There are 2 protein chains.
Amino acid sequence: MDADDIRRSLEGGGLRCTPQRYAVMAFLMSHQGHPTAAEIFEAVNRADPRSSRATTYNNLRDLVRAGLVREVAAEGRAARFDATGMRHHHFICDRCGNVEDIEWFNVPRPASRSLGKRVLRQSELILRGLCTTCAARRATR
Amino acid sequence: MDADDIRRSLEGGGLRCTPQRYAVMAFLMSHQGHPTAAEIFEAVNRADPRSSRATTYNNLRDLVRAGLVREVAAEGRAARFDATGMRHHHFICDRCGNVEDIEWFNVPRPASRSLGKRVLRQSELILRGLCTTCAARRATR
DNA sequence: TCTTAAGTTAGATATATTCAAATCACATGG
DNA sequence: CCATGTGATTTGAATATATCTAACTTAAGA
């Protein structure tokens, strides 16, 4: 994951390697977790070539379209992104909204009949319910 | 799904049966699809007892917390809700952002070790890739 | 009926995303 | 080499979405 790797991934995805786009990609490749667009914007702009909020959104959209970054599902309100290969599922608490990682296990593919001509790239399980804290609180009332 | 059913579900969830809350619940129980908060607000207010935007949001949050309604994952930007039992998975196109339903099939439960004391209520698979239209467009370029 | 915690409201504010116009990078022809 | 056309990229401003505040109202049990 050095500079040339990033440049090559971008070009492989049909995207120019601009300073703003490079910065977004570099940030995502070097961070665990699921930063929101706002967090990425802020982190990237702590470094030098200041980029606008809109550019950050545009670049995230382009990176997702190119398949270089994945948008992770439904973490509260704001979209969240991830470029590290680390797979996991997500547990979302109905009560407090917190999102927690659940260790990866394989999930079955849908029948190819229901998939049709769609191209499947990723799948992820969203589990919903009560987190440990909220489950405890509920039990004591 | 008559009036008393709705009243009873609300009370079962520890929620008062107010006209505004009843209207939200009734709307969700009688509609397929995944309306956004804004759509629910509008639909409910086409009928009589006009309810404010804030109330709609409050009620949706309370209904989700009570487990009577589920918030479905990552359908574009705005949060979307569903109270009909109809289960399905979701396919989200990385390119155009469209969300499509995939017919339901069972997914495995996570190991109870990784679930810990969390209470699991629902699970849903999020599939990502290219929809039929975008896959075709990509192939011809 | 009375009490009161739960619920509702308009408006203000915060947060998230998109748009139209300006700018820039690159290829091509002079 | 430089001018020019073209499409990609960036940007500030506008829009869309969500939440909060603080005053007010109401459902439901005693």
Side-chain angles (χ1 to χ4, degrees), chain A residues 7 10-25 34-45 47-66 68-69 71-81 95-97 141, chain B residues 3-4 6-25 34-45 47-66 68-69 71-81 92 95-99 141:
Chain A
R7 170 180 297 273
L10 291 178
E11 283 163 0
L15 299 171
R16 284 192 197 157
C17 182
T18 67
Q20 293 88 342
R21 187 172 288 151
Y22 178 93
V24 168
M25 191 64 191
H34 324 105
T36 62
E39 287 161 357
I40 295 166
F41 169 74
E42 218 192 305
V44 154
N45 276 357
D48 217 15
R50 315 217 134 239
S51 145
S52 82
R53 217 169 285 273
T55 298
T56 304
Y57 278 94
N58 288 342
N59 282 330
L60 286 168
R61 183 201 54 214
D62 295 343
L63 291 168
V64 169
R65 285 186 169 179
L68 299 173
V69 165
E71 183 172 347
V72 302
E75 312 229 349
R77 306 293 159 219
R80 286 171 183 267
F81 301 88
R95 171 155 287 264
C96 66
R141 276 197 294 120
Chain B
D4 272 347
I6 295 178
R7 169 179 295 272
R8 268 191 297 275
S9 334
L10 291 177
E11 284 165 359
L15 299 170
R16 280 194 200 158
C17 181
T18 68
Q20 293 87 343
R21 187 172 288 152
Y22 179 94
V24 168
M25 192 63 192
H34 322 106
T36 62
E39 286 162 357
I40 294 165
F41 169 73
E42 218 192 308
V44 154
N45 276 357
D48 215 15
R50 316 218 135 236
S51 147
S52 81
R53 213 168 291 273
T55 298
T56 303
Y57 278 95
N58 289 343
N59 281 331
L60 286 167
R61 183 202 53 214
D62 294 343
L63 291 168
V64 168
R65 285 185 169 181
L68 298 173
V69 165
E71 183 173 348
V72 301
E75 312 230 347
R77 305 301 157 213
R80 286 168 183 270
F81 301 87
I92 305 179
R95 171 154 288 265
C96 65
N98 273 353
V99 180
R141 276 196 294 122

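Below, chains carry the letters A, B, ... as their sequence lines are ordered, and counting in each starts from 1. Computed from a prediction, not measured in an experiment: that's the story for all the values here. Every heavy atom of this structure was used, including side-chain atoms; hydrogens, water molecules and symmetry mates were not.
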Inset, instruction - Quick one: label T18(A) by what it contacts on the DNA or RNA (base, sugar-phosphate, nothing), any heavy atom closer than 4.0 Å. - result: sugar-phosphate
Inset, instruction - Under 4.0 Å between any heavy atoms, over every strand shown, what does N59(A) touch: base, sugar-phosphate, or nothing? Just pick one. - result: sugar-phosphate
Inset, instruction - Would you give the length of the straight line joining atom CG of L15(B) to atom CZ of R65(B), rounded to the nearest 0.5 angstrom? - result: 10.5 Å
Legend entry - Spacing of Y57(B) atom OH relative to dA16(C) atom C1', expressed in whole Å: 12 Å
Legend entry - Enclosure of E42(A) CD (heavy-atom neighbours >12, cutoff 6.0 Å): no
Inset, instruction - Can you tell me the distance, in whole Å, between the CZ atom of R21(B) and the C1' atom of dA27(D)? - result: 11 Å
Legend entry - Nearest-Å distance for atom pair CE/P, residues M25(B) and dG7(C): 15 Å
Inset, instruction - Measure the distance from CZ on R16(A) to C1' on dA25(C) and round it to the nearest whole Å. - result: 5 Å
Legend entry - Nucleotide nearest A54(A) when distance is taken to its side chain, options dA27(D), dT9(C), dT18(C): dT18(C)
Inset, instruction - Name the nucleic acid region contacted by S52(A), choosing base, sugar-phosphate or nothing; use a 4.0 angstrom heavy-atom cut-off, strictly under. - result: base
Inset, instruction - Kindly compute the distance separating CE (M25(B)) from CG (D62(B)), expressed to the nearest 0.5 Å. - result: 12.5 Å
Inset, instruction - Name the closest nucleotide to the A37(B) side chain, picking from dA18(D), dA16(C), dT8(C). - result: dA18(D)
Inset, instruction - Report the nucleotide, chosen from dT9(D), dA28(D), dT18(C), that has the shortest atom-to-atom distance to any side-chain atom of R7(B). - result: dA28(D)
Inset, instruction - Kindly check if the number of other-residue, nucleotide or ligand heavy atoms within 6.0 Å of CZ (R61(A)) is above 12? - result: yes
Legend entry - Value in whole Å for how far the P atom of dT25(D) lies from CG of N58(B): 18 Å
Legend entry - Residue closer to the 5' end of DNA chain D, R61(A) versus R61(B) (nearest nucleotide): R61(A)
Legend entry - Value in whole Å for how far the C1' atom of dA25(C) lies from CG of L10(A): 16 Å
Inset, instruction - Grab the CZ-C1' distance between R53(A) and dC19(C) for me, whole Å please. - result: 16 Å
Legend entry - Minimum-distance pair of heavy atoms, taken over all atoms of I40(A) and P35(A): CG1-CB, 3.8 Å
Legend entry - Between dT10(D) (C1') and L63(A) (CG): distance, integer Å: 15 Å
Legend entry - Nearest to side-chain heavy atoms of Q20(A), which nucleotide of dA28(D), dT19(D), dT11(D): dT11(D)
